[in-house]
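Every chain is numbered from 1, with letters handed out A, B, ... down the list of sequences.
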2 protein chains.
Amino acid sequence: MARAGLTTERVTIAGADLADEVGLEQVTMSQVARRLGVKDASLYTHVRGLEDLRGRIALLAAGEKTLRIAEATVGLAGKDALVAFATAWREYAHQHPGRYTATQTPIDIDPELAAHAPGPRRAVELTYGMLRGYGLAEPDLTDAVRLLRSTFHGFVALEAAGGFAHARTPQRSWTRALDALHTLLEHWPPLDEGEPS
Amino acid sequence: MARAGLTTERVTIAGADLADEVGLEQVTMSQVARRLGVKDASLYTHVRGLEDLRGRIALLAAGEKTLRIAEATVGLAGKDALVAFATAWREYAHQHPGRYTATQTPIDIDPELAAHAPGPRRAVELTYGMLRGYGLAEPDLTDAVRLLRSTFHGFVALEAAGGFAHARTPQRSWTRALDALHTLLEHWPPLDEGEPS
DNA sequence: CCGCCTGCCTAGGGGCCCTAGGTTTTTCCT
DNA sequence: AGGAAAAACCTAGGGCCCCTAGGCAGGCGG
């Protein structure tokens, strides 16, 4: 019997593709094996198990998403950067729903594996870089980053869950949300007196 | 053998409790049955299957969350209402992680079942009511509602996924995010010329 | 050329979802 | 109150899934 030539990476990609096509929930050892023309037991040479595979898909997706954002925002600043950043984020979620979902699962990733991934640090740098033009200083910078990430993620998550039912298209609301966030970043409120920093 | 006295509601609650304790993924027919002291096949009298159960948990949770928010915001307006609304939302997510997760799963709920639920309409009313004081008109109102929901949901989702790693506590960022959103609602940007409404 | 690591295999146990059909308990009608 | 009908719970079993154990063969290093 000829060998299938599997590697950890090929198994991960097969799982990620499957996730995009049929949903992350349906990504199963058996299905991935079937797609690769192999018996399910054979995957355990390359991947520790289903949890491990899911973690690897999440890391793969996070890296891809960060790369897309980096490409989209290079050379931009201010509102242009904000819009490019957010749009690249949303489009990645649309184009790769299964992969995107994988990135949002509670952290069960092998710490050692995660440590090898360059994605997270790069993502943080990108986000802070995008905000450079707004003149925020810590701790406002961190708070602004968290607010933006929350909004971007929340929007695409609600969109995917069918949360924006009728009438007005999500696209219009998205555009206006970015207008609003840009305005907000330009008028970031000072701390109320008495409020802890 | 004495009867266990199951009902659809009791099964749903058992599932919801289990979800909060061990995670929605672990909510399984067998586990729910075990918790109720019953064989798994017995549940099918009360619930159509796992999908159906998940949908019912989602509806239960959505109703509970809406109720909490309603109680928290009654009689309040302006920033007080915003903070109470958002905090009730976040606290529900903290106290009932499994239930909350159920509300965010892509829509696979039996439409007939969903139609009977009073939750969604009530939730919409609450949100629009909270914004009344800010003097927004459609379509800005809808866009603002969507932005707020996105941010609230995104924040708790990232928090749950371990997205706010170190250093600054999520609580501080949360407080500041609400400050920022309040400011934003008071200075909602007008449409750029040429931008479609 | 040959041993040997390693990729892929078969075999099998245990868990889960769900259906079919039986039995016992409760309800309700007369 | 008695009995039929309905409903609640059961056992049995098929199919899919995760994962482990152990075997065989293909392609590399000596």
Side-chain angles (χ1 to χ4, degrees), chain A residues 1-59 98 101-102 105-106 108-110 112-113, chain B residues 1-60 98 101-102 105-110 112-113:
Chain A
M1 166 85 67
R3 302 226 174 159
L6 298 186
T7 64
T8 300
E9 192 189 359
R10 284 199 47 192
V11 172
T12 305
I13 291 175
D17 290 346
L18 193 59
D20 285 338
E21 290 167 23
V22 301
L24 186 63
E25 301 268 303
Q26 313 301 325
V27 173
T28 174
M29 287 291 140
S30 318
Q31 290 294 337
V32 173
R34 212 157 312 173
R35 157 175 296 243
L36 291 167
V38 138
K39 298 296 176 184
D40 59 342
S42 306
L43 299 180
Y44 289 82
T45 307
H46 306 283
V47 149
R48 232 189 275 284
L50 185 60
E51 283 297 286
D52 182 46
L53 175 58
R54 295 250 248 253
R56 288 174 189 277
I57 293 173
L59 251 38
T101 303
T105 66
D108 47 10
I109 297 176
D110 181 351
E112 184 210 344
L113 181 62
Chain B
M1 167 83 72
R3 300 226 175 155
L6 299 187
T7 63
T8 300
E9 191 189 0
R10 284 199 46 194
V11 172
T12 304
I13 291 175
D17 291 346
L18 193 60
D20 285 338
E21 289 167 23
V22 302
L24 187 63
E25 302 269 304
Q26 313 301 324
V27 174
T28 174
M29 286 291 138
S30 319
Q31 290 294 337
V32 173
R34 215 159 336 216
R35 157 175 296 241
L36 291 167
V38 137
K39 298 295 176 184
D40 59 344
S42 305
L43 299 179
Y44 289 82
T45 306
H46 306 283
V47 149
R48 232 190 275 283
L50 184 61
E51 283 296 285
D52 182 46
L53 175 59
R54 295 250 249 253
R56 288 174 189 278
I57 293 172
L59 251 36
L60 170 69
T101 303
T105 67
I107 281 209
D108 47 8
I109 297 176
D110 180 352
E112 184 209 346
L113 181 63

| query | Quick one: D40(A) CG to dA21(D) P, roughly how many Å, whole number? | reply | 15 Å
| Does atom CD of E21(A) have more than 12 heavy-atom neighbours from other groups under 6.0 Å away? | yes
| task | Let me know the distance between CZ of R48(A) and P of dC18(D), rounded to the nearest Å. | result | 17 Å
| request: Just compare dC9(D), dC17(C), dC19(D) and give me whichever is closest to any side-chain atom of M29(A). | output: dC19(D)
| request: Hey, could you give me the CZ/CD distance between R56(B) and E9(B), rounded to the nearest 0.5 Å? | output: 11.0 Å
| said: For a quick check of understanding: with a heavy-atom distance under 4.0 Å over all strands, which category does S30(B) fall into, base, sugar-phosphate or nothing? | reply: sugar-phosphate
| request: Determine which pairs satisfy side-chain hydrogen bond (donor to acceptor under 3.5 Å, both in side chains) with at least one residue from residues 38-47 of chain A, sequence neighbours left out, and list them in order. | output: none
| said: For the CG atom of L18(B) and the CZ atom of R34(B), what is their distance to the nearest 0.5 Å? | reply: 10.0 Å
| Within the structure, does a side-chain N or O atom of T28(A) lie under 4.0 Å from either OP1 or OP2 of dC16(D)? | no
| When you measure from every atom of DNA chain D, which of residues 14-25 of chain B have a heavy atom less than 4.0 Å away? | none
| query | Could you give the distance from CZ (R48(A)) to OG1 (T8(A)), rounded to the nearest 0.5 Å? | reply | 10.0 Å
| said: Can you identify which nucleotide, out of dC17(D), dC8(C), dT10(C), has its nearest atom closest to the L6(A) side chain? | reply: dC8(C)
| query | Counting side-chain heavy atoms from CB outward, which of dT19(C), dC8(C), dT11(D) is closest to Y44(B)? | reply | dT19(C)
| field | Inter-residue atom distance L59(B).CG - T12(B).OG1, 0.5 Å rounding | value | 9.5 Å
| In whole angstrom, what separates L36(B)'s CG from dA8(D)'s P? | 14 Å
| Global bending angle along the helix from dC1(C)-dG30(D) to dT30(C)-dA1(D), which compares the axes of five pairs at either end, to 10 degrees | 10°
| request: Let me know the distance between CG of L43(A) and P of dT6(C), rounded to the nearest Å. | output: 19 Å
| field | Whole-Å distance separating the CG atom of L50(A) from the P atom of dC17(D) | value | 11 Å
| query | What's the spacing between I13(B) CD1 and L36(B) CG if we round to 0.5 Å? | reply | 10.5 Å
| request: Please round to the nearest 0.5 Å and tell me the distance separating atom OG1 of T105(A) and atom CG of L24(A). | output: 7.0 Å
| query | Does the side chain of R34(B) get closer than 4.0 angstrom to OP1 or OP2 of dC16(C) through an N or O atom? | reply | yes
| From dC9(D), dC17(D), dC18(C), pick the nucleotide closest to the side chain of Q31(A)? | dC17(D)
| Side chain of A41(A): nearest nucleotide among dC18(D), dT10(C), dC18(C)? | dT10(C)
| How close or far is atom P of dC17(C) from atom CD of Q26(A), stated in whole angstroms? | 14 Å
| query | If you look at every heavy atom in L50(B) and T28(B), which pair is closest and at what distance? | reply | CD1-CA, 4.3 Å
| request: Using only side-chain N and O atoms of H46(B), determine if any of them is under 4.0 Å from OP1 or OP2 of dA7(D). | output: no
| message | Between P on dG12(C) and NZ on K39(A), what's the gap in Å once rounded to a whole number? | response | 15 Å
| message | Test side-chain contact (heavy atoms from CB on, under 4.5 Å) on E25(B) and T101(B); report intermediate values, then the result. | response | CA-CA 10 Å; E25(B) 302 269 304; T101(B) 303; over 6 Å; no
| message | When you measure from the side-chain N and O atoms of T45(B) to the phosphate of dA7(D), is any distance below 4.0 Å, counting only OP1 and OP2? | response | no
